[in-house]
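Only one structure is covered here, and it is reproduced in the block below.
Basis for what follows: all heavy atoms, side chains included, without hydrogens, waters or symmetry-related copies. Because the structure is predicted, anything quoted here is derived from the model rather than measured.
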Amino acid sequence: MIVVGVDGSMTARAAVDWAAADAFRAHLPLRIVHAVDRSPYQVDRFGGSGGGDTLVREGQRVLREAVALARERQPSVEVTTRDVEGSPVAVLREQAERASEIVLGSRGLGGFAGTLLGSVSAQVAGQAPCPVVVVRGERRPRQGRIVAGVDDSPTSEPALAYAFQQADLRGSGLQVVHAFAPEIARDLDEVCAARHRVVQKRLMAFRDRYPHLEVEEIVRFAHPVDALTAASAEADLVVVGSRGHGPFGAALLGSVSRGVLHHARCTVAVVRAPRADVPAQRT
């Protein structure tokens with residue numbers, strides 16, 4: 001199941017469009033979720049002011065419009081809705097337990113709103129056990145390319161697996177980017193060759209699984225955020241990993257994934273590596 005959070009904003013509409021297309025390609029149902037968050041307004045659930053009813057009615061309107069858009073874009077996709085009371089982060093974290101993917105707009109009006117890397121996007125991406133996709137609202141021509149960032153640790157493998165799967169489903173090429181800043185005293189050519197061997201080893205199993213995919217390996221002397229941001233200019237999706245060490249806090253997102261979310265020119269997927277002491281969940 002793919003879950004998309006909506007709040008009535010333009011970027012939430014873009015997220016619905018993206019999520020419906022992903023659901024169609026993956027043959028998965030789509031769940032559209034809206035959070036009824038009373039806390040910013042101090043609205044009593046049983047108060048007589050009518051403010052709570054207004055929030056509920058607005059949420060229902062937002063859901064109706066999102067369902068109409070999803071069915072217009074992908075009529076064959078099974079669509080359900082949830083109007084859930086609670087903070088957006090808590091609602092999405094709970095929904096993520098049974099989702100294969102969470103999709104959010106990059107900016108919004110409230111509920112699932114914020115700046116490109118507002119508190120909701122950062123916390124959900126840092127905490128959700130499934131991939132979190134943050135969609136920009138700007139329409140761009142299809143590039144036919146997925147970009148994946150990879151480092152020299154096994155924790156990048158979930159992000160690689162997601163990137164290969166997305167490239168396969170979309171019929172896109174895949175560009176794997178490894179960027180590094182070596183010590184000045186070391187020979188740059190030697191370091192590049194060693195890093196390239198590490199990337200090739202990391203990709204070996206995925207290449208065997210997806211022999212038909214066109215995969216380009218890029219090894220660069222650069223900061224990873226700069227390299228991935230540059231690559232995003234000619235990509236439909238950038239996939240980055242994030243190490244999860246605990247259940248709380250946006251800081252878990254990591255500097256590279258946060259930087260890419262801030263600066264990338266296309267949609268970004270953050271794929272959190274499972275904690276070593278917690279069994280991986282089935283999605």
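In this structure Ala269 satisfies the side chain to side chain contact (heavy atoms under 4.5 Å, CB included) test together with Val133, Tyr162, Leu237, Val239, sequence neighbours excluded. Listed by chain and number, the residues in a side chain to side chain contact (heavy atoms under 4.5 Å, CB included) with Ala26 are Leu28, Leu169 (sequence neighbours excluded). Taking the side chain to side chain contact (heavy atoms under 4.5 Å, CB included) definition, one finds that Ala21 meets it with Arg25, Gln74, sequence neighbours left out. Listed by chain and number, the residues in a ring pair (Phe, Tyr, Trp, His ring centres under 6.0 Å) with Phe164 are Phe206, Tyr210 (sequence neighbours excluded).
Checking side-chain atoms of Asp236 against main-chain N and O of Gly144 turns up a donor-acceptor pair under 3.5 Å. Side-chain atoms of Arg61 do not come within 3.5 Å of backbone N or O of Val56 as any donor-acceptor pair. The closest donor-acceptor contact from the side chain of Arg71 to the backbone of Ser76 lies at 3.5 Å or more, if one exists at all.
Neither side chain, Asp226 nor His263, offers a donor N or O lying under 3.5 Å from an acceptor on the other. For the residue pair Thr81 / Arg64, no side-chain donor-acceptor distance below 3.5 Å is found, with atom types taken as modelled. Gln95 and Arg31 form a side-chain donor-acceptor contact under 3.5 Å, judged by distance and modelled atom types alone.
Residue pairs meeting the ring pair (Phe, Tyr, Trp, His ring centres under 6.0 Å) criterion with at least one partner in residues 55-99, sequence neighbours excluded, do not occur; the list is empty. Contacts classified as salt bridge (Lys or Arg N to Asp or Glu O under 4.0 Å) and involving residues 204-217 (residues at least two apart or in different chains) are given here: Arg207-Glu217.
Ring pair His178/Phe180 is parallel by interplanar angle, where below 30° counts as parallel and above 60° as perpendicular.
Taking both residues in full, the closest heavy atoms of Val271 and Pro131 are given as CG2-CB, 4.0 Å, listed atom of the first, atom of the second, then distance. Shown here for Ala148 and Leu160, the closest heavy-atom pair between the two residues is CB-CD2, 4.2 Å.
Around CZ of Arg265, the count of heavy atoms belonging to other residues, nucleotides or ligands within 6.0 Å does not exceed 12. When the shell of 6.0 Å around CD of Glu94 is examined, it contains more than 12 heavy atoms from other residues, nucleotides or ligands.
Under a 4.0 Å N-O distance rule, the pair Arg170/Asp22 qualifies as a salt bridge. In this structure, Arg139 pairs ionically with Asp17, as a charged nitrogen and a carboxylate oxygen lie closer than 4.0 Å.
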